[in-house]
Amino acid sequence: MSYIRTSVSNGVGEIVLDRPKALNALDQTMIDDLHETLVGWGDDDAVETVLVTSASDRAFCAGGDIRAIRDSALAGDAAAVTKYFASEYRVNQLIAEYPKPYVALIDGAAMGGGLGISVHGEIRIVTEKAMIAMPETAIGFFPDVGATYFLSRLPAGVGMWLGLTGARLRGADAVAVGLATHYVPSDDLGVVADTIRSGAGLAEALAEHRDPVESTLPLRKIADYFGDVSVDGVVGGLRGAVGDEWAEEMLILLGSASPTSLFVTARLLELGEASSLAECLERELSTAEKITAHPDFAEGVRAVLVDKDRDPSFVPPTIEEVSAESIVALVNE
């Protein structure tokens, strides 16, 4: 059984993500099917535009199949872990280099791997129901799928903020920072989708949705607090912001993350600033292979996705106890 549906009509190849019970989390079969479809359409003259949509009204794609990866890691099946990430990152690179317009419609959750199959494309349309995040540090992992490339190119501090805290963005905010290209009210998204499907073209489909949208993101605070590439510097600045409720909220988010993951993420984002997407993906693959064998990964996934008690026991438990050597061992530079 395939969890994606495909069709070609009027020059538009549509991919519908259809694994609603898992919020379209990408399992190995979905990744393989996406790759095969996109490779085929890349050379198909009948396909002029690729449109990616969701059959779920709750999510575009909630990420990768992290529970399955945890099972493989616990079973010592390193080959399965490597296969999953390598094939997922291959799709991310393919989308980034795709020779035809690639359009993603995000009208719900898009996290982790869901950004990997949208952000690298040319057009990313979001609604007020979009909820975008890279929450990997809470499960003992790090923002991957090329996030160390695209997060490091967002406005000052934004990539570090999103990567470390797992903070969630709504549609207008995603447009404001550049993760999305267009904002369309959810009630109008069906008309936009049908216009694209008709072959009318993207200019016509989006003609009425080019006005700027207002974001309430505290970009100045984000730049001030998360402009540092050092986890110690970020946390120290937030702790020193006495009476700042926003800073206190960020400390709570950071406190729920794996300390090791925070340092890994910060280093990967720093390295990503001067790297190509291909270099970032290669570095992410090496780090993913190692960090999934770290006890924080199995424990973080257990706490968030398996037992759902939200009470992980990370080792070490504080950022002060994370050694520089342990981060060097996880991140190949």
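What you see is a predicted model; the values in this text were computed from it and never measured. Worth knowing before you read on, the calculation uses all heavy atoms, side chains too, and leaves out hydrogens, waters and symmetry mates.
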Next on the checklist: I'd like to know if Lys221 and Asp244 make a salt bridge, using a cut-off of under 4.0 Å between side-chain N and carboxylate O.
Outcome noted: yes
Next on the checklist: Assess whether a salt bridge exists between Arg197 and Glu14, defined as any Lys/Arg side-chain N lying under 4.0 Å from an Asp/Glu carboxylate O.
Outcome noted: yes
Checklist entry - Below 4.0 angstrom, N of the basic side chain to O of the carboxylate: do Glu320 and Arg239 qualify? => result yes
Next on the checklist: Minimum heavy-atom separation for Ile15 and Thr6, please, with both atom names.
Outcome noted: CG1-CG2, 4.3 Å
Item to check | Short N-O contact, Arg283 and Asp144, less than 4.0 angstrom | outcome: no
Item to check | SB check Asp107 Lys129 (cutoff 4.0 Å) | outcome: no
Next on the checklist: For residues Leu38 and Val145: do they belong to one hydrophobic cluster (side chain heavy atoms under 4.5 Å, members Ile, Leu, Val, Met, Phe, Trp, Tyr)?
Outcome noted: yes
Next on the checklist: Which label fits Tyr102 and Tyr98: parallel for a plane angle under 30°, tilted from 30 to 60°, or perpendicular past 60°?
Outcome noted: perpendicular
Next on the checklist: With side-chain contact (heavy atoms from CB on, under 4.5 Å) as the criterion, how do Leu330 and Phe263 come out once you've worked through the C-alpha distance, each side chain's angles and the decisive distance to 0.1 Å?
Outcome noted: CA-CA 10 Å; Leu330 288 169; Phe263 281 94; over 6 Å; no
Item to check | Chi angles and distances behind the side-chain contact (heavy atoms from CB on, under 4.5 Å) call for Ile132, Asp173 | outcome: CA-CA 9 Å; Ile132 291 173; Asp173 299 329; over 6 Å; no
Next on the checklist: With a 6.0 Å cut-off (strictly less than), is the heavy-atom count around CD of Glu289, excluding the residue itself, greater than 12?
Outcome noted: yes
Next on the checklist: Would Val103 and Glu122 count as a side-chain contact (heavy atoms from CB on, under 4.5 Å) here? Give the steps.
Outcome noted: CA-CA 6 Å; Val103 185; Glu122 182 178 348; over 6 Å; no
Checklist entry - Is there a side-chain contact (heavy atoms from CB on, under 4.5 Å) between Val301 and Phe141 once you walk through the steps? => result CA-CA 9 Å; Val301 178; Phe141 198 60; over 6 Å; no
Checklist entry - How about Tyr183 and His209: are their ring centres within less than 6.0 Å of each other? => result no
Checklist entry - Under a single-linkage definition using a 4.5 Å side-chain heavy-atom cutoff for Ile, Leu, Val, Met, Phe, Trp and Tyr, are Leu268 and Phe226 assigned to the same hydrophobic cluster? => result yes
